[in-house]
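Computed over heavy atoms, backbone and side chain alike; hydrogens, waters and symmetry mates excluded.
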Amino acid sequence: MKQEIWVFDFDKTLTKADTTLPLLVHGCRLPAKIIRKIHYYLLAVLVKLSLIDHKSLKNKLFSRYFGGWPKKQWEQHCADFARIISFNSLYYSIAWDNKEKQYWVVSASPLELVRNCFPGSVHVLATEMLFTDQGFMGLALHMHGRIKKLELLKHGISQVDRFYSDHYFDSAVAAIAKEVFLVQGDKVELCDNAIDFYKKSGGKTLGFMLTSCPPARTSVNLWGVISGMGDSHQLEQEMASSLGSMQVLIGDAWVNVLAEGLRCLAASSDRNEVILPAYSCNEFTKAILLAELTPVYATLNHDGKMYVSSFQDLVNKNTLAVLAVNNTGVVSDLAELRNYCDQHAIWLVEDAGYTFLGKDKDGRPFGSFGHAAVINLSEGKTIPCGGAAWALNDKRTIEAFAPLAKHLAATSPRSNLREMISLLIYSSGSTIIGFTAYRILKSLIGKDLKSLFSAEPSRTNENYATGNLYWHEGNIMMDAYHEKHLKSITIRPWNRIRKSCAIQILHKAESIRHIRKTKRAEWKNALGDTFQWIDLPDNAMPVKQPFLLPGHLFELAETERLAWQGVKKQYPPTWPMAEVGSEHDKSFYEQVYTLPLHDGVSRKRIKKLAGVLKKRF
């Protein structure tokens, strides 16, 4: 039978009072006690004012009064003090030598002190001191706040059965506990979840800025767009040149363009299965269904990447293609995937929506690895004009995609005036002021007007909570109403307004890349090692930075406020694809959020939001 894992804080969870000051003055005469207490309270005031942190307080005090002590003298001091600690009723209610449970104590108190309070079978993680030949030199590791959780993870503890604590500083550990208990003196209360614990233990309401921030934005110069309306084929030629592609086709409805491309690949084959990651945007699944093909879901690795080992057991005589989805710019080993697909006569379709204009470590552009690459050009992507492009990298795809090319050549684009209005709405709506106005208007009238003004017709009347998808007799299906809507959309070529806008972005790609890499560095500096980041390529053109935000740390209303600040959930766990795949896939649906990297995110806002995230974690 598996042992239950119980984790305890120490000070004021198992003791009647905090031990820092009593340990500091233990063994002193009255004058020294008074001086040390005054010193302690002065530093405590600075902590309250957020001028120094708890680690600095302990470092200053312990270095001042124990500095130079030999390790044995320090250990004896802690052992002497341990004998006079007053414990509460919770401490005495636990049979600490019970071998049927794993007991862990995680404490900001010194390791040498805490170890003296428990039998050897109890696992103790506590603040560690640094000793050299000169004796005591200060703190080596301060076991406080999120560090407790990180140290538990290092010891293989990713989930605990029970957690006892008295303070919201321990919310990070509470978030991985099945049951959380708040200890106040001799009273022990079971909390509903980590959020309930945070509130009841004195956690403050999170403060957000009054102004909102869009999760993604690419700045364009409207006059430059108007004055740059030149050669109608310049965009396709420049994109093909940058990718080394044989041909580029662009249409104005993202899901439909993807679906038609898949239909073209399947037209001369009796194969009908497309393999894609279980963790991926619902629009890939919708496009596969719209093309009358069958989605087959492969699991992702813990790093969010797709490997040959992820899907090779799924390949059979019906496999048409592998769709390598690069979620938020996370890039799989595309060369390995291409090599495998070539060997097994399978199409590799590369998703370059979040990777376009980026390169791998060898300088090869993303979008050039697949036999064909699809580039999502919807709002929020690198080129936010609505629609998608197909980059054809294999001569066989030129013939296969001839029907789509013929359709685009025979269809008229929308008017320049209509496109200019859409561009104006996007340009104003993706600013801080415009997005704030949109948020306020939505809260007042209760209706999201975004889809009405979107340049992406496939998003009209979209049910984001379900992805317009559901399970039926073991198969994933699209709801009839949304399917009918998608089938009613006519794919149109881009007109010169859209193309001019895209060309402008292509020409300033390096400056955009520099801005976004700078924003990533600012986020990393502000957040430190608080959260687990999902790696993006060094030479990427990032749109957002994905990271894992552990569940049960924020209430729904708080996650909504974070979303208005640009810190947004990537995909919701309510999509039916979340029911397949590995634990990694499920955790991605639960925990992957993104940080905004565009030029509208100021350094001040980054520091403010990082402070909000770190305060809770």
Mind checking whether His144 and His142 have parallel, tilted or perpendicular rings, split at 30° and 60°? parallel

Aromatic plane relationship, Tyr92 with Phe87 - under 30° parallel, 30 to 60° tilted, over 60° perpendicular: perpendicular

Mark yes or no for whether [X], through its side chain, and [Y], through its backbone, hold a donor-acceptor pair below 3.5 Å.
{"X": "Lys524", "Y": "Trp533", "answer": "no"}
{"X": "His155", "Y": "Ile157", "answer": "no"}
{"X": "Arg36", "Y": "Val25", "answer": "no"}
{"X": "Lys519", "Y": "Val601", "answer": "yes"}
{"X": "Gln3", "Y": "Lys99", "answer": "yes"}
{"X": "Thr127", "Y": "Met143", "answer": "yes"}
{"X": "His167", "Y": "Phe169", "answer": "yes"}
{"X": "Asn88", "Y": "Tyr91", "answer": "yes"}
{"X": "Arg513", "Y": "Leu357", "answer": "yes"}
{"X": "Thr436", "Y": "Ser212", "answer": "yes"}

Counting only heavy atoms not in [X] (residues, nucleotides, ligands), do more than 12 fall under 6.0 Å from its [atom1]?
{"X": "Lys569", "atom1": "NZ", "result": "yes"}
{"X": "Lys200", "atom1": "NZ", "result": "yes"}
{"X": "Lys199", "atom1": "NZ", "result": "no"}
{"X": "Lys359", "atom1": "NZ", "result": "no"}
{"X": "Leu46", "atom1": "CG", "result": "yes"}

Going by distance alone, is a donor N or O of one side chain under 3.5 Å from an acceptor N or O of the other, for [X] and [Y]?
{"X": "Asn327", "Y": "Tyr571", "result": "yes"}
{"X": "Asp80", "Y": "Gln76", "result": "yes"}
{"X": "Ser56", "Y": "Asn59", "result": "no"}

Verify salt bridge (charged side-chain N to carboxylate O under 4.0 Å, His left out) between Asp599 and Arg217, making sure each step is shown before the conclusion. CA-CA 8 Å; Asp599 54 5; Arg217 164 182 168 81; 3.7 Å; yes

Would you call Asp333-Lys305 a salt bridge at under 4.0 Å N-O? no

Salt bridge (charged side-chain N to carboxylate O under 4.0 Å, His left out) for Lys72 and Glu75? Distances and angles first, verdict last. CA-CA 5 Å; Lys72 285 188 177 180; Glu75 289 175 342; over 6 Å; no

Ring centroid separation Phe163 to Trp104 under 6.0 Å: no

Could you grab the distance from atom CG of Leu139 to atom CD of Glu128, nearest 0.5 Å is fine? 10.0 Å

